[in-house]
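Excluded from the calculations below are hydrogen atoms, water molecules and symmetry mates; all remaining heavy atoms, backbone and side chain alike, are included. Just follow the structure's listing: the first ligand is 1, and inside any ligand the first atom is 1.
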Amino acid sequence: MITTDFSTVFPSEQLDDPLCPLCGRFQRLPQQLHFPPFAVVRCAHCQLWYLAPRLLESAMLQAYANPEYFAGGGEHGYAHSQGSYVAQAEALQRTFQQFLHNLQQRGLTGGSLLEIGAGYGYLLQQARPYFNQLSGTDFDAVAVENIRQQGFQAFLGGIEALPTQARYEVIVATGVIEHIYQPVDFVNKVRKHLTASGWLILATPQINGFWFWLQGKRWSSFKIPEHVTYYDRHTLNRLYQQCGCLETRFIPYPAAYPLGLIGEKLGVRLPAFLTQYSLWLPATMFALAARFSDAAD
Ligand SMILES: [Zn+2]
């Protein structure tokens with residue numbers, strides 16, 4: 001269920017009305033989607049969809065630290081699903097398995113991998129056959145301890161938690177960039193941890209795709225107020241270009257979703273036995289890989 005009025009939850013002094021987080025301009029296209037007191041607007045210059053007004057970043061960080069705000073959180077909008085946790089975990093593992101296969105097909109595996117926002121390590125687990133060295137970061141101390149116990153190197157925090165000299169052949173972040181308030185700063189910080197031939201791969205919900213045009217305001221990736229930017233391949237490509245990118249590659253990202261969650265989105269309560277199954281949906285998300293001109297050594 002999409003809640004569309006947050007006015008009582010978030011007072012106006014906790015809001016700001018930002019310039020476009022990608023190109024820094026103010027002009028917006030007339031089409032806007034309203035989730036009072038928030039709105040998703042589109043930059044008239046670079047076409048990025050972004051949240052404006054949005055929650056102040058300081059207030060957002062406080063909300064993330066308070067589990068009562070976003071109980072269950074998590075990637076791909078699985079929060080509050082009627083499907084079981086196991087079904088969700090299996091769907092995620094299958095999604096990552098397919099994603100890694102797609103990376104391998106494009107020559108984007110091998111060497112060392114860093115995952116930003118590694119959660120409970122579902123992607124890292126599936127990545128074992130494809131990389132020699134596997135590391136992850138996460139802001140959640142319980143998640144970090146969990147992935148350490150699985151034998152992965154783990155850092156508590158964001159990109160700042162990495163040792164200055166740490167370099168990786170591949171850095172991947174799924175379901176992260178849409179939460180980032182200053183995406184250009186973020187990519188510039190991350191690319192400093194790539195080897196000279198290294199690739200950054202961001203996967204994110206795909207706005208302007210089939211599901212968005214079908215569902216409009218009910219699009220399931222409108223996670224308000226956590227998602228502050230919404231990309232398609234053009235705007236994500238533009239983000240990379242602003243950070244000195246040499247080359248990008250589009251990577252399909254079909255995602256498996258538990259049937260219980262899909263039923264919930266459609267307003268249908270499914271029999272319990274069905275909720276253990278999942279279904280592949282194309283183009284809910286996409287990934288774009290980028291190589292940069294000034295990656296260190
Ligand atoms: Zn813009």
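Of the options R28, E178, H227, a side-chain hydrogen bond (donor to acceptor under 3.5 Å, both in side chains) to Y50 is made by R28 and by none of the others.
Atoms of the protein (N, O or S only) found under 2.8 Å from the Zn ion (ligand 1) are C20 SG, C23 SG, C43 SG, C46 SG.
F212 and F222 have perpendicular rings, their planes meeting at more than 60° on a 0 to 90° scale where under 30° would count as parallel.
Separation of the Y231 and F286 ring centroids does not fall under the 6.0 Å cut-off. Checked against a 6.0 Å centroid threshold, the rings of F99 and Y253 count as neighbours.
Within the cation-pi definition used here (under 6.0 Å to the ring centroid, within 45° of the axis), R148 does not qualify as a partner of F152.
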Under 3.5 Å, which donor-acceptor pairs do the side chains of residues 238-251 form with other protein atoms, sequence neighbours left out?
unit_1: R238; atom_1: NE; unit_2: Q242; atom_2: OE1; d: 3.1
unit_1: Y240; atom_1: OH; unit_2: L202; atom_2: N; d: 3.3
unit_1: Y240; atom_1: OH; unit_2: L288; atom_2: O; d: 2.7
unit_1: Q242; atom_1: NE2; unit_2: L22; atom_2: O; d: 3.0
unit_1: E247; atom_1: OE1; unit_2: R291; atom_2: NE; d: 2.9
unit_1: E247; atom_1: OE1; unit_2: R291; atom_2: NH2; d: 3.0
unit_1: E247; atom_1: OE2; unit_2: R249; atom_2: NE; d: 3.4
unit_1: E247; atom_1: OE2; unit_2: R249; atom_2: NH2; d: 3.4
unit_1: T248; atom_1: OG1; unit_2: N237; atom_2: OD1; d: 3.1
unit_1: R249; atom_1: NH1; unit_2: R106; atom_2: O; d: 2.7

